[in-house]
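A quick note: this is a predicted structure, and the numbers were derived from the prediction, not measured. Heads up: numbering here begins at 1 and tracks the sequence.
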Amino acid sequence: MGLPSARDREFAERCMIYLPAVARYARSLMRDESDADDLVQDTFMLAYQHWEQFTPGTECRAWLFTICRRRFLRVRERDDRQVATEDATLESLAAARVHDRA
């Protein structure tokens, strides 16, 4: 494994100091520790993937919080579209459909 790139160092220096604050924010949004951890991981992964979109001189903390909030809203939208069911027949049909598509 080689040395970290300049991009990696810059990301770590500017973003990782806000990890505890983003984690607290994610917990306040998700209300579940495990889901909040996933949200934090997604937030930092997206921030790293789109690091070139960060504007130097702007507030990195606010940028991270915006990513976190938008990701939370996408997850909540997705969860709202899913319908929970306890019907074993429907579950079997859904599993068969997934299997057929694969």
Side-chain angles (χ1 to χ4, degrees):
M1 187 192 254
L3 296 173
S5 68
R7 178 180 192 253
D8 293 346
R9 285 191 304 275
E10 183 182 16
F11 180 82
E13 289 170 5
R14 290 191 181 213
C15 292
M16 297 312 290
I17 60 172
Y18 299 113
L19 179 62
V22 172
R24 282 190 303 273
Y25 181 57
R27 280 193 296 273
S28 74
L29 294 171
M30 299 301 286
R31 310 247 187 251
D32 177 85
E33 186 97 18
S34 177
D35 290 341
D37 289 344
D38 291 343
L39 180 59
V40 170
Q41 183 175 356
D42 287 351
T43 298
F44 279 87
M45 180 187 68
L46 288 167
Y48 183 76
Q49 288 174 344
H50 300 283
W51 182 240
E52 69 281 350
Q53 294 177 6
F54 175 73
T55 306
T58 61
E59 182 61 43
C60 187
R61 182 178 185 268
W63 185 66
L64 290 168
F65 275 53
T66 300
I67 294 170
C68 186
R69 184 183 74 249
R70 288 180 179 168
R71 182 67 186 143
F72 165 73
L73 292 173
R74 276 190 222 113
V75 167
R76 191 172 70 178
E77 271 181 23
R78 182 196 66 213
D79 290 348
D80 287 347
R81 286 191 304 253
Q82 293 179 351
V83 177
T85 180
E86 300 274 331
D87 188 341
T89 304
L90 289 176
E91 291 290 332
S92 296
L93 289 171
R97 185 173 182 197
V98 168
H99 177 53
D100 286 344
R101 286 186 175 178

Got a list of side-chain donor-acceptor pairs under 3.5 Å for residues 50-70, not counting sequence neighbours?
unit_1 : atom_1 : unit_2 : atom_2 : d
Trp51  : NE1    : Glu10  : OE1    : 3.4
Thr58  : OG1    : Thr55  : O      : 2.5
Thr66  : OG1    : Ala62  : O      : 2.9

Per the side-chain hydrogen bond (donor to acceptor under 3.5 Å, both in side chains) rule, what does the pair list look like for residues 18-32, sequence neighbours excluded? none

Checking Asp37 now: which residues fulfil side chain to side chain contact (heavy atoms under 4.5 Å, CB included) with it, not counting sequence neighbours? Glu33

Would you list the atom pairs, donor with acceptor, under 3.5 Å between side chains in residues 39-49 and any protein atom, with sequence neighbours excluded?
unit_1 : atom_1 : unit_2 : atom_2 : d
Asp42  : OD2    : Arg71  : NE     : 3.2
Asp42  : OD2    : Arg71  : NH2    : 3.4
Thr43  : OG1    : Leu39  : O      : 2.8
Tyr48  : OH     : Arg7   : NH1    : 3.3
Tyr48  : OH     : Asp8   : OD1    : 2.3

